[in-house]
Asks: 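Structure incoming, see below.
Throughout, a chain's letter reflects where its sequence line sits, starting with A, and its residues are numbered from 1.
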Amino acid sequence: MSVILKAENISKQYRLGVVGTGTLSHDLNRWWHTVRGKEDPYLKIGESNDRSSKGNSDYVWALRDINFEVQKGEVLGIIGKNGAGKSTLLKILSRVTTPTTGSIKTAGRIASLLEVGTGFHPELTGRENIYLNGTILGMTKAEVAFKLDEIIAFSGCERYVDTPVKRYSSGMKVRLAFAVAAHLEPEILVVDEVLAVGDAEFQKKAIGKMQDISKGEGRTVLFVSHNMESIQQLCTRCVVMANGGLQYEGDVQSAIEQYLDIYGSGTLELSFPIKGKGICLNDFKILSKENILSSSIANLVLGNAYQFSLQLTSLEFDKLLNIRFQIFDKRNSLVTTLNTYHMNANFSVQPDVKMTVLCEIEKLSIAPGDYVLGIEILDLHDKKVLYSNETFYPFSVVNGDFYGFGKLPSAKNMGAFSMDFNWKVIS
Amino acid sequence: MEEQKWLYEISPKKGLLEFNFKEIWRYRDLLFLFVKRDIVTVYKQTILGPLWYLIQPLFTSIIYTLIFNSVAGIKTGAVPAFLFNLAGVSLWNYYKECLTATSTTFTTNQNLFSKVYFPRVVMPLSTVISNLLKYGIQLLIFIVFYLYFVFAEDYLVAINSNMIYFPILIVEMALLGLGLGMILSSMTTKYRDVSFLVTFGVQLLMYVSAVMYPIAEISKKVPEYAWLVTYNPLALIIESFRNMVFGTTIANFDGIWYSLVISIVTFLAGLAIFNRTEKNFIDTV
C-alpha cells in the first residue's frame with residue numbers, strides 16, 4: 001500500500017454576500033497590498049464556517065487546515081452535515097478551484113463523476129455524448145471507442161443510444177453519465193452523491209461497479225454521501241467533516257457513529273420547559289407501564305410495555321393538536337411513526353393547564369439498538385407546525401423476552417423488529 | 001517513508017504565462033469533439049441547416065450595399081460594391097464570432113467547469129477552430145461570387161501574389177479575437193457589466209474597422225478622426241485582405257506587421273489573465 005493522495009493544510013476562504021461595488025474596493029486593496037509585497041489583508045480575518053450562527057465577518061473559512069492521506073486502492077467515505085465543507089474539498093480535489101492555502105499532492109489522475117447531465121449536450125445523441133463526456137473526463141477517443149459497447153450495455157440505454165439526449169428521462173441521463181464515468185480509468189475516482197437519482201436496480205449496479213473498481217482493479221475511490229448504508233457497504237475508511245475541519249478519521253463504523261453524534265448533539269440534553277409556537281413542552285419521559293412514578297428510562301427492554309409521557313400547556317388559547325412521534329435508527333432511517341391522527345386521537349390544550357399526553361406501547365417490538373425519538377406537533381386547525389425536533393430524545397433498546405417463553409432471539413437472527421405470531425398444525 | 005513520486009500538485013500558486021502544450025495535446029480529442037459539437041449542433045432542428053452559414057453574410061452584404069453604397073454613396077472604385085462588402089463582412093464575422101463566443105467561455109460553461117477539470121483554454125481554442133471552418137465555407141461563397149462577377153460582369157481578376165500573406169491575416173484575426181475574448185471572459189466572471197459592454201461594443205467596433213468602406217475614404221472625408229481606423233489592427237487586416245483580392249491599393253506591409261505585434265501582445269495578455277482566472281473563477285462566477 002502506498003499513499004496516492006496527500007492533502008497538507010488545505011484551507012479555503014470564501015467571501016459572503018453579493019458581488020457589488022464593495023468587492024471592487026476589496027479587490028483594489030488586495031492588489032495594492034500585493035504590489036507592495038505585503039500579505040493579503042483579508043486572509044487574516046475570517047471565521048469558522050458555522051452555517052447557523054450569524055458572524056461578524058464577510059469572510060469565512062469553508063475549509064480550515066485539512067490534512068489527510070489516502071492509500072492506493074482505498075474507498076474513502078467523506079461524511080458530514082450540509083455545509084461541513086465536503087463539496088468544497090471535492091472541488092479542490094477535482095481541480096475545479098484551488099485552495100487558498102496549502103496543497104494537495106497526488107500520484108494519480110483524479111476524475112470526478114459528473115452530476116446529472118453536466119457535459120451532456122442535449123442536441124447530441126447518446127452515442128455522441130458518450131464520446132464527448134468521455135473525453136471531457138480525460139479519456140482519449142480511442143479509449144472511449146474501445147469501451148463503447150461496454151458503456152452502452154452498462155447504462156442499459158441501448159434502445160435510445162441514437163436519440164438526442166434531450167429526449168432522455170433524468171434517470172437515463174444519470175445511467176449514461178455514470179456508465180461513462182465508471183468505465184474511465186483514472187487512478188482516483190471522486191463520487192459525489194449522484195446515485196440518489198437512479199432507481200433501486202441501478203443503485204445496486206452502481207455500488208457493485210464501484211466495489212469492482214476499488215477491489216478488482218485496485219483503484220481509489222473518494223465517496224461522498226448522506227446515505228450511511230451505502231457508506232457502510234462501500235467504504236474501507238471514513239472521514240467525518242464538521243465546520244470546515246476534519247473531526248474524525250478512521251474505521252467506517254466509528255465514523256458513522258461519530259457523525260450521527262454530531263448530528264444529534266445539542267439536542268441530547270433537553271432542558272424543560274421548551275417553547276414552541278404558542279405552546280410549551282413542560283416535560284417528557286419514557287416510563288415503564290408498571291412503574292409510572294419512576295424517572296425517565298433510557299434503556300428499554302424488548303417486549304415490555306412503555307408509555308411516552310408528554311406534558312404540554314398552551315401559551316395562547318385552546319388548541320387542538322396533532323402529535324407525532326417518530327423513531328429513527330442509528331442510520332437516521334425512519335423505523336416507525338406513532339401518530340395521534342392514525343388513532344383518531346387528537347388532544348386539545350388549554351392555557352395555564354398542564355396537560356399530560358400519554359402514548360402507550362403495549363409490547364415494544366423494535367430490535368435492540370440505539371434509536372432517537374423525533375417529535376412533531378401540529379395545530380390541527382391551521383396545520384401549522386408548532387414544534388418539531390427530529391432528534392428529540394435518544395434511547396436504546398436491549399434484548400428481552402418478547403415471546404414470553406424465556407427464549408431470547410440472538411442478535412444475528414433478530415432482524416429489524418419482532419412480532420407476535422402463532423404456529424398451528426391443521427391436519 | 002521513501003520520497004513519493006507525485007504526478008502533480010494542486011496549490012494556490014499561479015503561473016502567469018503557463019501554456020501547457022503537453023496537457024492540451026493530451027486533450028486534443030476533446031478539442032476535436034468540441035469543434036464538432038459547435039459545428040453540428042448550431043443548426044439542429046432547422047430546415048435550412050448549414051445554409052445559414054451562407055445566408056447571414058450574403059444578406060448582410062446586400063443590405064450594406066444598399067445602405068452604404070447606394071444611399072450613402074461610398075465609392076469602392078472598380079470593385080463591385082457587393083463583393084467589396086462580402087469580403088469585409090465575412091472576415092469581420094469571423095473576428096466577431098471568435099470574440100463574442102470566447103468572451104462568454106466562463107459564464108456559459110460554469111456548470112461543466114464547476115464539476116470537472118480539463119485545460120480550460122481548450123474551450124476558446126475550439127471556438128476559434130470551429131469559426132475558422134465556418135469562415136472557410138463563407139470564403140467559398142465569396143469565391144463563387146467573385147467568379148460570377150468575373151464571367152458575367154466582366155470584372156478583371158485582381159488577386160495578386162500578396163495572397164501568400166493571407167494565412168498571417170487569419171492568424172492575426174484569431175489571436176485578436178481569442179486574446180480580447182479571454183480578457184473579457186475573465187472580467188465577466190466577477191463583473192457582469194462587461195457582458196453588456198461586449199454586445200454593443202462589438203457593434204461600435206465594426207464601424208471603425210473599415211468593414212464597409214476603404215480606409216482611404218475616411219482619411220479623405222474625416223481626417224481628424226481617421227486615426228481611429230488607421231491604428232485599428234482590425235481595419236488594417238480587413239483592408240489588407242481586400243488589397244490581396246482586389247488589388248486596389250498599394251499593399252500595406254507595415255500594417256500587417258503592426259497588426260501581428262498587436263495581436264500577439266493581446267493574445268499573451270489574454271492568456272495570462274485567463275490562466276489567473278481559470279483557477280478560482282468558480283468561486284466568483
Asks: May I ask you to decide whether B:E23 forms a salt bridge with A:R95, counting only side-chain N to carboxylate O separations under 4.0 Å?
Replies: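 Here B:E23 pairs with A:R95 in a salt bridge, since their nearest N and O are under 4.0 Å apart.
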Asks: Between B:F34, B:F113, B:F32, B:Y117, which residue shows the highest count of heavy-atom pairs closer than 4.5 Å to chain A?
Replies: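 Of the options given, most contacts go to B:Y117.
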Asks: As an exercise, state the distance from CG of A:N129 to CZ of B:R37, rounded to the nearest 0.5 Å.
Replies: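 That separation rounds to 9.5 Å.
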Asks: Is it true that atom OH of B:Y231 has more than 12 heavy atoms of other residues, nucleotides or ligands lying nearer than 6.0 Å?
Replies: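 Open.
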Asks: Select one option (side chain, backbone, both, neither) describing which atoms of A:I110 are under 4.5 Å from chain B's heavy atoms.
Replies: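 Answer is both: backbone and side chain atoms of A:I110 are under 4.5 Å from chain B.
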Asks: With a 4.5 Å heavy-atom cut-off, do A:I136 and B:L112 have their side chains touching?
Replies: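 They are in contact (side-chain heavy atoms under 4.5 Å apart), so the answer is yes.
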Asks: Any donor-acceptor pair under 3.5 Å linking the side chain of B:D29 with the backbone of A:K141?
Replies: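 Yes; at least one donor-acceptor contact below 3.5 Å.
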Asks: Tell me, for A:I92 versus chain B, whether the close heavy atoms (under 4.5 Å) come from the side chain, the backbone, both or neither.
Replies: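 Interface part for A:I92: both.
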Asks: For B:V116 versus A:V96, what's the shortest heavy-atom pair and its separation?
Replies: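 Closest pair (atom of B:V116, atom of A:V96, distance): N-CG2, 3.7 Å.
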Asks: Does a sphere of radius 6.0 Å around CD1 in B:I47 hold more than 12 heavy atoms from other residues, nucleotides or ligands, not counting ones at 6.0 Å or beyond?
Replies: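 Open: at most 12 neighbouring heavy atoms sit under 6.0 Å from CD1 of B:I47.
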Asks: Apply side chain to side chain contact (heavy atoms under 4.5 Å, CB included) to B:F59 and list each qualifying residue two or more places apart in sequence or on a separate chain.
Replies: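 B:F59 satisfies side chain to side chain contact (heavy atoms under 4.5 Å, CB included) with B:I55 only.
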Asks: State, yes or no, whether a side-chain contact exists between A:T135 and B:Y27 at a heavy-atom distance under 4.5 Å.
Replies: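 A:T135 does not reach B:Y27 side chain to side chain.
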Asks: Is it the backbone or the side chain of A:E128 that comes under 4.5 Å from a heavy atom of chain B, or both, or neither?
Replies: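 Contact with chain B is through the side chain of A:E128 alone.
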Asks: Mark yes when over 12 heavy atoms from residues, nucleotides or ligands other than B:M187 sit less than 6.0 Å from its CE; otherwise mark no.
Replies: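 Count not over threshold, so no.
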Asks: Is A:Y14 close to chain B through its backbone or its side chain, or both, or neither, when contacts mean heavy atoms under 4.5 Å?
Replies: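 For A:Y14, the contact with chain B is made by the side chain alone.
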Asks: Go through the atoms of B:R120 and report whether side chain, backbone, both or neither lie under 4.5 Å from a heavy atom of chain A.
Replies: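 It is the side chain, since no backbone atom gets that close.
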Asks: Can you tell me how far apart CG (A:L132) and NZ (B:K36) are? Round to the nearest 0.5 Å.
Replies: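 So the gap between those two atoms works out to 9.5 Å.
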Asks: Does A:F146, at its CZ atom, have more than 12 non-hydrogen atoms belonging to other residues, nucleotides or ligands within less than 6.0 Å?
Replies: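 Atom CZ in A:F146 is not packed in, count stays at 12 or less.
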